[in-house]
Amino acid sequence: MTFPPRTVVIVGAGIAGLSTAFHLAEKGVEKIIVLDKGKVGDGSSSKAGGIVTMLQQDEASIRARSRSLDIFERFSQILDGYTFHQVGCLNLFREHAFIESAPLRELQSSLGAEFLLLRGSELQDRFPDMCTSEDDYGVLDLRGGYSEPHRYIPALTTKVKELGVEIRENQALVGFDMNGSSVTGVVVKDMASSSTPSQDMTIKADAVICTVNAWANKVLSLAGYQIPMKNFIHERFVTKPFPTAPQLPAVNDNVKDGYFRPTDDNRLLLGTAAHNPNEFSISGPDFTFDELEPDPTALPFLKDTFVDRLPLLSEAEWDYHKVGLISFAMDANPVLGPIPGIGNFYVGVNFHSGGFGYNPVAGMLLSEYAVVGETSIDVESFRPERFSKIDTGAYLSEPRTHHEMGIKRH
Ligand SMILES: Cc1cc2nc3c(=O)[nH]c(=O)nc-3n(C[C@H](O)[C@H](O)[C@H](O)COP(=O)(O)OP(=O)(O)OC[C@H]3O[C@@H](n4cnc5c(N)ncnc54)[C@H](O)[C@@H]3O)c2cc1C
């Protein structure tokens with residue numbers, strides 16, 4: 001290993017790759033190249049609801065999200081055209097789930113989470129555009145909120161370019177340059193040249209970081225590695241603007257099995273994966289989200305499910321919708337760290353439906369692994385080596401539903 005590396009190639013120009021480039025540049029890495037087989041943000045990043053809370057289910061994830069919130073707050077100051085909307089993130093439960101999660105709240109609180117407990121009419125008094133009953137229990141993360149992906153992605157892209165990062169679009173990784181068991185570069189194909197097949201090109205690098213999320217196994221298998229993971233289709237919908245801003249925080253509604261939030265231009269955004277539970281296999285390395293079929297039952301499902309919660313929906317006109325993939329490792333934790341047995345090679349993928357919330361800290365952690373070889377917070381439980389005793393081939397061949405992965409909210 002070369003610490004610190006002079007040249008780092010990042011594969012995947014979604015928010016995880018861009019954030020990694022930002023943190024590497026801040027750490028003084030000389031040459032940083034970000035490759036994408038399509039355009040910046042073409043993957044799930046531009047489809048995200050952008051909701052974030054630090055009220056996660058285990059210590060590593062809570063600590064990680066807390067750092068993400070610090071960075072979102074900072075980005076709100078330093079990225080032109082981007083605002084972190086810190087309207088709070090409300091997590092709604094039924095009574096039994098609320099009571100069961102009391103020990104978890106103690107852990108969250110001990111790790112710095114700031115939240116309010118609200119029930120029934122207290123919720124409605126605070127957020128008049130939401131209907132709740134006395135059976136609804138809320139935990140309002142006061143530091144949570146949302147970002148608009150269509151503002152965040154261009155703002156972060158501009159910032160990393162200002163810092164000297166080179167972004168190469170339409171450049172697909174098709175192989176690795178190896179010296180023994182260490183990666184020494186990437187082999188890249190130009191996807192833009194249509195008529196004559198282009199010559200593959202090798203880019204030498206001291207470290208390679210793979211942030212391709214749903215495509216992880218298509219890329220990692222080129223170096224002989226695979227993650228026990230599953231992908232699922234996920235859709236979200238946006239209404240036309242209302243005359244005034246909906247009085248709402250960002251909401252993870254565990255009662256209705258979905259989420260919603262206001263937008264920065266007075267709309268409502270809603271999403272769920274509940275209507276579409278089966279795993280989705282991507283066809284090959286060239287797969288793009290244009291191949292995803294929107295599910296015709298998704299919008300009727302959302303309207304029926306949420307109209308009681310959000311009376312504004314009864315008069316809403318729907319404007320547009322996004323479909324993408326969410327990607328789960330078998331234990332539904334992110335996979336982030338050095339690839340076992342392969343030198344100079346790191347991965348940051350499988351952020352379940354919470355990759356927007358993780359991306360600032362994911363970039364920070366990946367840059368720390370690449371530059372100093374260790375992280376400033378304990379995220380051992382994210383490292384890929386936790387799967388070393390798993391029969392990954394067998395896991396990949398068995399179908400799973402989204403519910404079997406354990407629903408994880410943003
Ligand atoms: C509808 C929807 C709503 C969501 N809502 C939320 C939310 O509210 N909050 C939240 O926290 N998360 C949310 N998520 C999850 C979040 O969007 C993702 O976890 C996150 O965007 C993943 O970012 P990424 O950069 O890791 O991956 P991606 O954005 O998918 O980027 C991966 C990139 O890798 C590129 N790539 C693939 N193969 C190659 C190759 N061979 N060579 C070069 N490039 C390659 C792809 O073109 C792609 O651009 C949502 C997801 C969806 C689909």
Side-chain angles (χ1 to χ4, degrees), residues 15-16 19-20 23 51-74 86 88-93 96-117 137-145 211 213 227-229 250 252 254 259 326-338 340 346-370 372-390 405-410:
I15 46 180
S19 164
T20 306
H23 290 284
I51 295 174
V52 56
T53 174
M54 74 173 272
L55 303 183
Q56 297 295 295
Q57 284 119 313
D58 61 86
E59 185 163 340
S61 306
I62 299 165
R63 283 189 197 284
R65 284 298 184 84
S66 175
R67 292 303 282 271
S68 266
L69 288 171
D70 296 341
I71 301 168
F72 275 127
E73 287 166 3
R74 181 173 168 230
Q86 208 156 29
C89 182
L90 176 68
N91 297 277
L92 283 176
F93 302 97
H96 70 277
F98 176 79
I99 291 170
E100 261 178 20
S101 53
L104 185 57
R105 282 194 291 282
E106 275 180 33
L107 176 66
Q108 291 161 342
S109 177
S110 73
L111 296 173
E114 297 161 27
F115 52 81
L116 293 178
L117 305 183
Y137 290 73
V139 185
L140 178 64
D141 175 358
L142 296 169
R143 291 190 69 205
T211 52
N213 207 38
I227 296 169
M229 60 173 272
N252 282 322
N254 301 297
Y259 56 89
I326 50 175
S327 188
F328 283 71
M330 68 182 294
D331 59 6
N333 266 330
V335 179
L336 191 149
Y346 307 87
V347 67
V349 293
N350 306 125
F351 296 107
H352 57 85
S353 57
F356 210 99
Y358 276 116
N359 89 82
V361 72
M364 182 196 91
L365 295 166
L366 287 164
S367 72
E368 290 175 348
Y369 275 124
V372 290
E374 59 186 14
T375 54
S376 55
I377 56 173
D378 181 358
V379 284
E380 283 292 304
S381 57
F382 293 177
R383 287 172 74 113
E385 67 205 28
R386 70 188 190 269
F387 301 123
S388 57
K389 296 203 167 65
I390 299 295
M405 307 306 295
I407 299 297
K408 279 208 159 177
R409 295 269 173 249
H410 316 113

Sidechain-backbone polar pair: [X] side chain, [Y] backbone, donor-acceptor under 3.5 Å:
X      : Y      : value
Asn254 : Leu92  : yes
Thr20  : Ala16  : yes
His23  : Pro360 : yes
Asp141 : Met54  : yes

Those residues that, when tested against [X], pass side chain to side chain donor-acceptor pair (under 3.5 Å) (two or more places apart):
X      : answer
Ser367 : Lys27
Asp378 : none
Thr375 : none
Arg67  : none

Salt bridge (charged side-chain N to carboxylate O under 4.0 Å, His left out) against [X], all qualifying residues, sequence neighbours excluded:
X      : result
Arg74  : Glu26
Arg63  : Glu59
Glu114 : none
Glu106 : none

I'd like to check [X] versus [Y] (side-chain heavy atoms, cut-off strictly below 4.5 Å). Are they in contact?
X      : Y      : result
Ile326 : His352 : no
Val347 : Pro384 : yes
Ile377 : Leu365 : yes
Cys89  : Val52  : no
Thr53  : Val139 : no
Arg143 : Gln86  : yes
Pro338 : Arg383 : yes

Can you give me the closest heavy-atom contact between [X] and [Y], atom names plus distance?
X      : Y      : value
Gly363 : Ser19  : CA-OG, 3.3 Å
Gly337 : Leu366 : N-CD2, 4.4 Å
Gln108 : Leu55  : NE2-C, 3.3 Å
Asp58  : Ser61  : OD2-OG, 2.9 Å
Leu336 : Tyr369 : CD2-CE1, 3.7 Å

Checklist outcome for this item: Residues at least two apart in sequence or cross-chain that pass side chain to side chain contact (heavy atoms under 4.5 Å, CB included) with Asn213, listed by chain then number, are Ser327, Val349, Phe351

Item to check | Qualifying residues under side chain to side chain contact (heavy atoms under 4.5 Å, CB included), relative to Ala370, sequence neighbours excluded | outcome: Leu24, Ile209, Tyr346

Item to check | Val361/Arg65 under side chain to side chain contact (heavy atoms under 4.5 Å, CB included): CA gap, chis, key distance, verdict | outcome: CA-CA 7 Å; Val361 72; Arg65 284 298 184 84; 5.8 Å; no

[X] [atom1] to [Y] [atom2] distance, which is reported to the nearest 0.5 Å:
X      : Y      : atom1 : atom2 : value
Asn252 : Asn91  : CG    : CG    : 5.0 Å
Ile51  : Leu90  : CD1   : CG    : 10.5 Å
Ser68  : Phe356 : OG    : CZ    : 10.0 Å
Phe382 : Asp331 : CZ    : CG    : 9.5 Å

Item to check | Listed partners of Phe98 passing ring-ring contact (aromatic ring centres under 6.0 Å, His included), at least two apart | outcome: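 Only Tyr137 meet the ring-ring contact (aromatic ring centres under 6.0 Å, His included) criterion with Phe98.
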
Next on the checklist: Can you list everything that forms a ring-ring contact (aromatic ring centres under 6.0 Å, His included) with Phe72? Sequence neighbours excluded, please.
Outcome noted: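 For Phe72 the ring-ring contact (aromatic ring centres under 6.0 Å, His included) partners, ignoring immediate neighbours, are Phe84, Tyr152.
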
Checklist entry - When you look at Met229 and Phe387, which way does the side chain to side chain contact (heavy atoms under 4.5 Å, CB included) test go after all the steps? => result CA-CA 11 Å; Met229 60 173 272; Phe387 301 123; over 6 Å; no

